[in-house]
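One structure is given here, and the rest of the page talks about it.
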Protein chains: 2
Amino acid sequence: MAINKKEAFSQEEQALATMAKALAHPARIAILKELAKRNECICGELVDVLPLAQSTVSQHLRELKEAGLIAGTIDGPKSCYCINESAFRKAIDSFSSFFKDIETRQKTAGCCS
Amino acid sequence: MAINKKEAFSQEEQALATMAKALAHPARIAILKELAKRNECICGELVDVLPLAQSTVSQHLRELKEAGLIAGTIDGPKSCYCINESAFRKAIDSFSSFFKDIETRQKTAGCCS
DNA sequence: AAAGTATATCGCAAATATACGATTTAGAAT
DNA sequence: ATTCTAAATCGTATATTTGCGATATACTTT
């Protein structure tokens, strides 16, 4: 019975929800912070920093990559990841305009606040 | 094997991930937009607007309520929901400072961009 | 009191996410 | 060529999410 009804919503709503989902796990938040902190790409150092197994970290990295938030290149036997700035900025813009939209419409207090 | 490792992360990371999760479904994005649009609280009109069954909408509303993003009061036989402005603003601040943090650290281009 | 209306909750099925160990892949070093 | 190292992928177990119909709840209207 759990058919995916997500397609029934607007592109914009779907896109924002997808970005939110990419950020919906503390491990992925931590990964993004760590990547930004080090600036230059790192790889398995994340495994040392995070309280997760190597395979689990790899999985989270793939999710962030699929969402487009990070990019990865193979550097010898290691893998090197970094933040995809343009995609990230687009994500920020989506969130910002959504938040702004909510805030500007919300002029007066609702009946239950 | 899927023990919850979320507690192993910082409070801040967990809180942000929780907020992101609340926004991680297009139905919940749509609900928030609709609530903001109408400003005054509405209830089951959401069921008419959304392509989902009444029980499913109710479930999404509960999730948003648990995340603190909306408030609900019982108004006779109907239920009345609206955006919890202060909580919402706090959420916006969390996202903003996270994004800002990422952006400011990310001065130079990473090795794989 | 009885019937109607609006919501919430329960129970269930299916899909997806989380996590890990084991294995595979691929380049580096001996 | 063999061994080593780093990372991705596979297989699997469990947890959570999504979705719906059916039922329960609670207030209104008749």
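Each chain gets a letter, A, B and so on, in the order its sequence line appears, and its residues count up from 1.
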Checklist outcome for this item: The contact string for nucleotides 22-30 of chain C, one letter per nucleotide 5' to 3', using protein heavy atoms under 4.0 Å with B, S and - for base, sugar-phosphate only and none, comes out as B----SS--

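- In this model, the phosphate group of D:dC20 is approached by a side-chain N or O of A:K5 to a distance below 4.0 Å at OP1 or OP2.
- Atom CD of A:E12 sits in a sparse spot, with 12 or fewer heavy atoms from other residues, nucleotides or ligands closer than 6.0 Å.
- The interatomic distance linking B:I31 (CD1) with D:dG19 (P) rounds to 11 Å, in whole Å.
- The pair A:R89-B:E103 meets the salt-bridge criterion, since a charged nitrogen lies less than 4.0 angstrom from a carboxylate oxygen.
- For A:N4, a side-chain nitrogen or oxygen approaches OP1 or OP2 of C:dT16 to under 4.0 Å.
- The shortest distance between the side-chain N/O atoms of B:S79 and the OP1/OP2 oxygens of C:dT7 is not below 4.0 Å.
- Put simply, CG on A:L64 is 13 Å from P on C:dA17, counting in whole angstrom units.
- You'll find the side chain of B:L46 stays beyond 4.5 Å of the side chain of B:L52, heavy atoms only.
- At whole-Å resolution of the value, CD1 in A:I70 and P in D:dA7 are 13 Å apart.
- Taking the side chain as every heavy atom from C-beta outward, B:I83 and B:L69 never approach each other to under 4.5 Å.
- Near DNA chain C, meaning a heavy atom under 4.0 Å from it, residues 7-28 of chain A has A:K21, A:H25, A:R28 in order of number.
- For B:L61, the listed nucleotide lying nearest its side chain is C:dA8; candidates were C:dC20, C:dA19, C:dA8.
- Looking at residues two or more places apart in sequence or on another chain, you find a side chain to side chain contact (heavy atoms under 4.5 Å, CB included) between A:V47 and A:Q54, A:V57.
- Electrostatic pairing of A:R38 and A:E45 counts as a salt bridge here, judged by a charged N lying under 4.0 Å from a carboxylate O.
- Side-chain atoms of A:H60 lie closest to C:dT18 of the nucleotides D:dG19, C:dT18, C:dC20.
- Side chains of A:S86 and A:F88 form no contact here, defined as non-hydrogen atoms less than 4.5 Å apart.
- Between A:Y81 and the phosphate of D:dA8, there is a side-chain N or O to OP1/OP2 separation shorter than 4.0 Å.
- Using cut-offs of 30° and 60° on the angle between ring planes, the pair B:F9 and A:H25 is perpendicular.
- With salt bridges taken as basic N to acidic carboxylate O contacts below 4.0 Å, one links A:E34 and A:K37.
- For the pair B:T56 and D:dT18, the criterion of a side-chain N or O lying under 4.0 Å from OP1 or OP2 is not met.
- Distance from the side chain of A:Q59 is smallest for C:dT18 among the nucleotides D:dT18, C:dT18, D:dA6.
- Residue B:K78 contributes atom NZ, which lies 13 Å from atom C1' of D:dT29 at whole-angstrom precision.
- Nearest-nucleotide positions on DNA chain C place A:K6 closer to the 5' end than the other of A:K6 and A:A53.
- Atom CD of B:E63 and atom C1' of D:dT18 are 8 Å apart (whole Å).
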